[in-house]
Q: 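Starting off with a structure, shown below.
Every value quoted in this text rests on a predicted model; they were computed, and no experiment measured them. Here, residue 1 is the first one in the sequence, and each next residue gets the next number.
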Amino acid sequence: MSESETQNNENTEPTATEPRATEPTETVETDVELAEQPPGSQPTEVPAAEPPAEETSPEAAVGDVAAPAPEAPAAPAAEAPAPEAPAPAAPPGEPRKKKLKHVPRSERRKRSKPTREKPATRKPIVRLEKPEHEPGRRQERRGVVVSDAMDKTIVVKVESVRAHQRYKKVIRRSVKFHAHDEQNQAHVGDRVRIVETRPLSKTKRWRLAEIVEAAK
């Protein structure tokens with residue numbers, strides 16, 4: 001063998017001191033390393049990490065296919081409040097009606113008050129004299145005295161005879177009044193005239209005016 005061949009063999013054969021190449025280690029190439037590679041070279045494939053094998057019982061396994069693991073019960077979710085339904089929107093053509101109770105004061109209808117002219121001088125207060133009115137005519141009744149047992153009081157029976165408006169039948173009605181007799185002049189059977197007056201007692205609102213006809 002020539003000297004050149006022996007030199008090539010020495011370069012190719014590994015020396016005893018150099019460690020032999022072991023199995024290639026898994027390396028993850030970053031984006032920077034991929035960018036540094038020349039355009040002609042092919043990117044090396046990085047084996048993906050295999051997920052850990054799930055432990056399966058021999059009963060669950062059928063052949064080489066493993067049965068799926070049972071799912072854990074989901075935790076009960078907290079009861080969330082039901083969302084409120086949105087209020088129905090008014091159609092675009094119709095104006096929205098406002099409730100009077102909820103309309104703010106600034107949006108209420110404002111009525112302008114007419115301005116009054118203030119006089120330069122104040123008018124003096126003039127009190128007019130009250131006109132004299134004649135006293136009203138008091139009601140009068142004519143009747144017959146039916147009782148004079150009480151002191152200063154007589155009972156007068158007043159009868160009225162009228163014809164019915166529709167049937168024309170004569171109707172007789174009688175009303176009794178308690179009248180005040182200051183001097184006890186009237187007696188039973190006398191025909192008297194009584195006049196209304198202020199309340200003198202619980203039942204007396206009349207007083208004796210005159211004795212028209214004495215009893216016989």
Side-chain angles (χ1 to χ4, degrees), residues 77-216:
E79 296 182 358
E84 298 180 357
E94 298 179 1
R96 186 177 180 181
K97 296 182 180 179
K98 294 183 179 179
K99 295 182 180 180
L100 297 177
K101 293 183 180 179
H102 301 288
V103 175
R105 186 177 294 274
S106 60
E107 296 181 7
R108 294 178 186 174
R109 180 184 174 187
K110 297 180 181 180
R111 298 182 178 88
S112 59
K113 295 182 179 180
T115 55
R116 298 181 180 178
E117 297 180 359
K118 294 182 180 181
T121 58
R122 185 175 180 181
K123 294 181 180 180
I125 299 174
V126 178
R127 298 186 180 276
L128 302 176
E129 296 181 359
K130 294 182 179 180
E132 296 181 359
H133 294 286
E134 296 180 0
R137 185 179 179 182
R138 297 183 178 182
Q139 295 184 11
E140 294 182 358
R141 296 287 188 275
R142 290 175 183 266
V144 180
V145 179
V146 294
S147 175
D148 60 347
M150 294 177 284
D151 184 25
K152 298 183 180 181
T153 304
I154 56 175
V155 180
V156 181
K157 182 179 180 180
V158 178
E159 293 183 353
S160 62
V161 181
R162 293 182 182 179
H164 196 274
Q165 295 180 358
R166 176 175 293 182
Y167 303 110
K168 308 304 179 184
K169 180 182 178 180
V170 177
I171 301 174
R172 292 178 178 271
R173 292 181 179 176
S174 62
V175 184
K176 292 181 180 180
F177 297 98
H178 288 196
H180 179 68
D181 186 4
E182 183 67 24
Q183 299 177 1
N184 293 327
Q185 297 176 357
H187 300 284
V188 177
D190 294 347
R191 190 170 186 83
V192 295
R193 181 172 64 88
I194 57 177
V195 183
E196 67 175 347
T197 183
R198 64 179 178 83
L200 301 174
S201 69
K202 182 179 180 180
T203 57
K204 285 197 294 186
R205 304 290 188 274
W206 301 81
R207 63 179 176 82
L208 176 64
E210 61 174 341
I211 299 174
V212 177
E213 185 179 351
K216 293 181 181 180

Q: How long is the span from the CZ atom in Arg141 to the CD atom in Glu196, to the nearest 0.5 Å?
A: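 The CD atom of Glu196 is 8.0 Å from CZ of Arg141, to the nearest 0.5 Å.
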Q: Could you walk me through whether Val195 and Thr197 pass the side-chain contact (heavy atoms from CB on, under 4.5 Å) test, one step at a time?
A: CA-CA 6 Å; Val195 183; Thr197 183; over 6 Å; no
Q: Measure across Val146 and Lys157 and return the closest heavy-atom pair with its distance rounded to 0.1 Å.
A: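 Closest pair (atom of Val146, atom of Lys157, distance): CG1-CB, 3.7 Å.
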Q: Are Val161 and Val170 close enough, and set up right, to give a side-chain contact (heavy atoms from CB on, under 4.5 Å), and what steps lead you there?
A: CA-CA 7 Å; Val161 181; Val170 177; 3.4 Å; yes
Q: Return the CZ to CD1 distance between Arg191 and Ile211, rounded to the nearest 0.5 Å.
A: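 Answer rounded to 0.5 Å: 13.5 Å.
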Q: Would you find a donor on one side and an acceptor on the other, under 3.5 Å apart, between the side chain of Arg122 and the backbone of Pro119?
A: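 Pair absent, no side-chain N/O of Arg122 close to backbone of Pro119.
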Q: Which is it for Asp181 and Lys152 under the side-chain contact (heavy atoms from CB on, under 4.5 Å) test, yes or no, and what are the steps along the way?
A: CA-CA 5 Å; Asp181 186 4; Lys152 298 183 180 181; 5.6 Å; no
Q: Could you give the distance from CD1 (Ile171) to NE2 (His164), rounded to the nearest 0.5 Å?
A: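 Interatomic distance, Ile171 CD1 to His164 NE2, rounded to 0.5 Å: 5.0 Å.
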Q: Roughly how far, to the nearest 0.5 Å, is the CD atom of Glu107 from the NZ atom of Lys110?
A: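 It comes to 10.0 Å.
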Q: Taking all non-hydrogen atoms of both residues into account, name the closest pair between Val188 and Ala215 and its distance.
A: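 Taking Val188 first and Ala215 second, the nearest heavy atoms are O-CB, 3.7 Å.
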Q: Taking atom CD of Glu213 and atom CZ of Arg193, what is their separation to the nearest 0.5 Å?
A: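 So the CD of Glu213 and the CZ of Arg193 are separated by 15.0 Å.
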Q: So, Asp148 and Asn184: side-chain donor and acceptor under 3.5 Å apart, yes or no?
A: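 No pair is found: no donor N or O on one side chain lies under 3.5 Å from an acceptor on the other.
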Q: Can a donor-acceptor pair be found between the side chains of His178 and Thr153 at a distance below 3.5 Å?
A: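 Their side chains do not contain a donor-acceptor pair, so the 3.5 Å distance test is not met.
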Q: Is any side-chain heavy atom of Asp190 closer than 4.5 Å to one of Gln185?
A: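 Gln185 vs Asp190: side chains apart.
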Q: Take Arg138 and Arg207 through the side-chain contact (heavy atoms from CB on, under 4.5 Å) test and state the conclusion after the steps.
A: CA-CA 12 Å; Arg138 297 183 178 182; Arg207 63 179 176 82; 4.1 Å; yes
Q: Evaluate the side-chain proximity of Trp206 to His180: yes if any heavy-atom separation is below 4.5 Å, no if none is.
A: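 No, too far: nothing below the 4.5 Å cut-off.
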Q: So which atom in Arg205 and which in Ser201 form the shortest heavy-atom distance, rounded to 0.1 Å?
A: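 Shortest heavy-atom contact: NH1-O, 2.5 Å.
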Q: Identify the two heavy atoms, one from Ala179 and one from Ile194, that lie closest to each other, and give their separation to 0.1 Å.
A: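 Result for this residue pair: CB-CG2, 3.8 Å.
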Q: What is the distance from atom CD of Glu159 to atom CZ of Arg142, rounded to the nearest 0.5 Å?
A: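 The CD atom of Glu159 sits 15.0 Å away from the CZ atom of Arg142.
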Q: What are the two closest non-hydrogen atoms of Val145 and His187, and how far apart are they?
A: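 Smallest interatomic distance, heavy atoms only, reads CB-O, 3.3 Å.
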